[in-house]
Amino acid sequence: MKRNDQQAYDRGTSLFSPDGRIYQVEYAREAVKRGAPAVGVRASDGVVLAAQTRTSSSLMETESVEKLHKLDDHIGAASAGHVADARQLVDDARQECQVNRLRYGEPIGLETLTKALTDDIQESTQFGGTRPYGASLLIGGMDGGEPGLFATDPSGTPQEWKAVAIGGSRGEIQEFLEENWSADLSTDDAVTLALEALLSGVDSLTGEEASVAVVTADGYRHLSVDEVDEVLEDVLPEDAAADEGEDE
């Protein structure tokens, strides 16, 4: 009987277990942890989003794996977890941005967008016939001239951050961010910090394997492979940089 009861709580997306847990939400969080890591860093003049781009084969085009997304002229997002779920959340966020511009004639606020998105995420944990989204987003950009950074969770909880990591190796990367983030960072410094943070949680990283975007008062800009490689040359230890040069 105990095993049957356990399976009932395990299968139900809208059932609490006796100890107050929703197992399907916890499984969705595990799906996020299995994804490639993504990092968000709030700087004094903007927000930096960075992510590792994994490919399942050397024959796959790296550019086809999207980890960073432009939501609006002033907002970007980074994703981790189940790719199809993340794509759906990005589509919903873009639609919310467009509706706000058409309805009110102004760009949507970061907190408003995040809460609208997490309201929809939360609904999938409360009604039968659905499952939680197995993905998380980092939403960063400019809001009234000030930079902001938010994260979504499969439970539907929005959180505001100064710097945060999602996806695989989150513990190590988050610890690095907590030790090295400061309020007076410029966006250039934040790009360096974001890539250093990613390197603290992964074995290796190249310009093709890293996606970096910067959102400032001038808008959303995706850094080129050459720009990322240039930063990585300064970040990587000399022996590691030499090894990469030999491999090439």
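Residues: numbered from 1 along the sequence shown.
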>> Under 4.5 Å side-chain heavy-atom separation, chaining through any Ile, Leu, Val, Met, Phe, Trp or Tyr, what else clusters with V225? Say none if it is isolated.
In response: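 ILVMFWY cluster around V225 holds nothing else.
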>> Strictly distance-based, threshold 3.5 Å: is any side-chain N or O of T157 a donor or acceptor partner for the main-chain N or O of D153?
In response: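 Not at all, since once roles are kept as given, no pair shorter than 3.5 Å links the two residues.
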> Got a donor-acceptor contact below 3.5 angstrom from the S224 side chain to the E227 backbone?
Replying inline: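 Here the side-chain-to-backbone pair exists.
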Taking [Y] as the starting point, is it possible to reach [X] by hopping between hydrophobic residues whose side chains are less than 4.5 Å apart?
{"X": "L177", "Y": "L232", "result": "yes"}
{"X": "V215", "Y": "V41", "result": "no"}
{"X": "V90", "Y": "I121", "result": "yes"}
{"X": "L198", "Y": "V228", "result": "yes"}
{"X": "V214", "Y": "M142", "result": "no"}

Residue pair [X] / [Y]: nearest heavy atoms and the distance that separates them:
{"X": "L113", "Y": "C97", "value": "CD2-SG, 3.8 Å"}
{"X": "P147", "Y": "V47", "value": "CB-CG2, 3.8 Å"}
{"X": "Q52", "Y": "S204", "value": "NE2-O, 4.3 Å"}
{"X": "P132", "Y": "A28", "value": "CB-CB, 4.0 Å"}
{"X": "A135", "Y": "A86", "value": "CB-N, 3.7 Å"}
{"X": "L117", "Y": "L137", "value": "CD2-CD1, 3.7 Å"}

Under the salt bridge (charged side-chain N to carboxylate O under 4.0 Å, His left out) rule, what pairs show up with a residue in [range], not counting sequence neighbours?
{"range": "residues 108-118", "value": "E111-K115"}
{"range": "residues 86-100", "value": "none"}
{"range": "residues 166-182", "value": "none"}
{"range": "residues 182-202", "value": "none"}

> Who pairs with T53 by side chain to side chain contact (heavy atoms under 4.5 Å, CB included), at least two apart in sequence or on another chain?
Replying inline: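 Once residues adjacent in sequence are excluded, the partners of T53 under the side chain to side chain contact (heavy atoms under 4.5 Å, CB included) criterion are T62, V65, K67, S211.
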>> Run the side chain to side chain contact (heavy atoms under 4.5 Å, CB included) test against T112 and tell me which residues pass, sequence neighbours left out.
In response: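 Listed in chain order: I108.
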> With sequence neighbours left out, which residue pairs that include part of residues 129-146 fulfil the side-chain hydrogen bond (donor to acceptor under 3.5 Å, both in side chains) condition?
Replying inline: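 Of all non-adjacent pairs touching residues 129-146, those that pass side-chain hydrogen bond (donor to acceptor under 3.5 Å, both in side chains) are D85-R131.
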> If you look only at pairs with a residue in residues 34-49, which of them pass as a side-chain hydrogen bond (donor to acceptor under 3.5 Å, both in side chains), with sequence neighbours excluded?
Replying inline: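 Applying side-chain hydrogen bond (donor to acceptor under 3.5 Å, both in side chains) to every pair that reaches into residues 34-49, excluding sequence neighbours, yields nothing.
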Hey, are the side chains of [X] and [Y] touching, using non-hydrogen atoms and a 4.5 Å cut-off?
{"X": "Q98", "Y": "R103", "value": "no"}
{"X": "L149", "Y": "V164", "value": "yes"}
{"X": "W181", "Y": "L193", "value": "yes"}
{"X": "L49", "Y": "V39", "value": "no"}
{"X": "V202", "Y": "P37", "value": "yes"}
{"X": "P107", "Y": "D73", "value": "no"}
{"X": "V191", "Y": "T187", "value": "no"}
{"X": "F16", "Y": "I22", "value": "yes"}

Among residues at least two apart in sequence or on other chains, which ones pass salt bridge (charged side-chain N to carboxylate O under 4.0 Å, His left out) with [X]?
{"X": "R101", "value": "D72"}
{"X": "E208", "value": "none"}
{"X": "E230", "value": "none"}

>> With a 6.0 Å cut-off (strictly less than), is the heavy-atom count around CD of Q95, excluding the residue itself, greater than 12?
In response: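 Atom CD in Q95 is not packed in, count stays at 12 or less.
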>> What verdict does the side chain to side chain contact (heavy atoms under 4.5 Å, CB included) test give for L110 and I139, after you've listed the backbone C-alpha separation in whole Å, the side-chain angles of each residue and the deciding distance to 0.1 Å?
In response: CA-CA 8 Å; L110 276 175; I139 301 174; 3.9 Å; yes
Separation between [atom1] of [X] and [atom2] of [Y], rounded to the nearest 0.5 Å:
{"X": "Y23", "Y": "E30", "atom1": "OH", "atom2": "CD", "answer": "13.5 Å"}
{"X": "H69", "Y": "L89", "atom1": "NE2", "atom2": "CG", "answer": "9.5 Å"}
{"X": "L68", "Y": "S79", "atom1": "CG", "atom2": "OG", "answer": "7.5 Å"}

> Does a donor on one side chain sit under 3.5 Å from an acceptor on the other, for D19 and S17?
Replying inline: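 Present: a donor and an acceptor within the cut-off.
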> Should the ring pair Y220 and H222 be called parallel, tilted or perpendicular, given that the plane angle runs from 0 to 90° and is split at 30 and 60?
Replying inline: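 Tilted.
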> How far apart are the C-alpha atoms of E26 and R29, what are their side-chain angles, what is the distance that settles it, and do they pass the salt bridge (Lys or Arg N to Asp or Glu O under 4.0 Å) test?
Replying inline: CA-CA 5 Å; E26 295 184 14; R29 289 196 182 111; 5.4 Å; no
>> For V48, run the side chain to side chain contact (heavy atoms under 4.5 Å, CB included) check against T216, V212, L223 and tell me which one passes.
In response: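 Testing V48 for a side chain to side chain contact (heavy atoms under 4.5 Å, CB included) against T216, V212, L223 leaves exactly one candidate, V212.
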